[in-house]
Each structure stands twice: as C-alpha cells, then as structure tokens.
Q: 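Input: one structure, supplied below.
A quick note: this is a predicted structure, and the numbers were derived from the prediction, not measured.
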Amino acid sequence: MHFYTEMDGWTTLFSDIMVGDYDQESIKLVFEKPIENGFAHGELMLPDMTWNKQLSMTEDDVFYLEQYALDNSPLIWELSREGKGCLQ
C-alpha cells in the first residue's frame with residue numbers, strides 16, 4: 001500500500017494496480033481515521049466504487065469518502081501506474 005494523503009482526519013492509502021478476470025484493472029483504496037476506541041476503516045475498490053469493508057463509518061463518512069475517491073481517482077490511477085506496475 002502507498003500513502004496518498006491525510007484529509008479531515010482520514011488517512012488514504014492505495015494499492016498497486018491489480019489485474020483480475022478478463023484483464024480488468026482495479027485499485028484498492030484504504031481509508032483510516034482514529035476514533036475514540038480504535039479506528040474507523042473502509043476499503044473501496046476503483047473503478048467500480050464498491051466497498052469491501054466498512055467499520056465504524058457513518059453514512060456521512062461513506063458519502064464524503066466516495067466523493068473524495070471520485071474527485072481524486074485520475075491522480076490515484078496515474079500514481080499507481082508510476083509505481084511498481086501491475087500485480088497479476
């Protein structure tokens with residue numbers, strides 16, 4: 001995982017590009033934020049915007065992070081392509 005940014009208490013990490021069935025490319029975004037008894041945590045897949053995990057996240061958190069992912073996805077894809085390449 002690669003560090004992307006920290007915004008409004010949320011730390012965002014992203015994976016290298018993963019190649020799945022039918023050569024479909026995807027990137028996993030991980031969001032973490034410290035809360036009183038641990039961490040809020042979410043894992044969102046690009047480009048299809050599906051959540052793999054949501055722990056201690058509010059509906060407002062989900063809405064905010066989905067919008068954040070949409071706004072930043074072009075740069076995240078570019079950074080991931082510049083990284084270690086694709087994972088098979």
Q: Testing the basics here: between S56 and I35, what is the closest heavy-atom pair and its distance to 0.1 Å?
A: CB-CD1, 3.6 Å
Q: With sequence neighbours left out, write down each residue that passes side chain to side chain donor-acceptor pair (under 3.5 Å) with D71, or none if nothing qualifies.
A: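 D71 satisfies side chain to side chain donor-acceptor pair (under 3.5 Å) with Q67 only.
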Q: Under 3.5 Å, which donor-acceptor pairs link side chains of residues 47-54 to any protein atom two or more places apart or in another chain?
A:
residue	atom	partner	partner atom	Å
D48	OD1	T50	OG1	3.3
W51	NE1	E66	OE2	2.7

Q: What closest approach, in Å, do M57 and D61 show between heavy atoms, and which atom pair accounts for it?
A: CA-OD2, 3.6 Å
Q: In residues 36-43, what donor-acceptor pairs under 3.5 Å come from side-chain atoms, sequence neighbours left out?
A:
residue	atom	partner	partner atom	Å
H41	ND1	E32	OE2	3.2
H41	NE2	E43	OE2	3.1

Q: Considering only distance and modelled atom types, tabulate donor-acceptor pairs under 3.5 Å from the side chains of residues 3-11, sequence neighbours left out.
A:
residue	atom	partner	partner atom	Å
Y4	OH	N72	OD1	2.7
D8	OD2	Y64	OH	2.8

Q: Can you hop from M1 to L44 via hydrophobic side chains spaced under 4.5 Å?
A: no
Q: Any heavy-atom pair between the side chains of I27 and I76 that's under 4.5 Å?
A: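 Of all side-chain heavy-atom pairs linking I27 with I76, at least one is under 4.5 Å.
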Q: I need the E25 CD to R81 CZ distance, nearest 0.5 Å.
A: 4.5 Å
Q: Taking atom CE of M18 and atom OG of S80, what is their separation to the nearest 0.5 Å?
A: 8.5 Å
Q: Would you name the heavy atoms of V19 and D23 that are closest together and state the gap between them?
A: CG1-CA, 3.7 Å
Q: When you measure from the side chain of S26 to the backbone of M45, do you find a donor-acceptor pair of N or O atoms at a distance under 3.5 Å?
A: no
Q: Tell me whether L46 is reachable from L79 by hopping between hydrophobic residues (I, L, V, M, F, W, Y) whose side-chain heavy atoms are closer than 4.5 Å.
A: yes
Q: Decide whether W77 and Y68 are clustered together by the hydrophobic rule: side chain heavy atoms of Ile, Leu, Val, Met, Phe, Trp, Tyr closer than 4.5 Å, transitively.
A: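 Yes; tracing contacts between hydrophobic side chains, which count when under 4.5 Å, links both residues.
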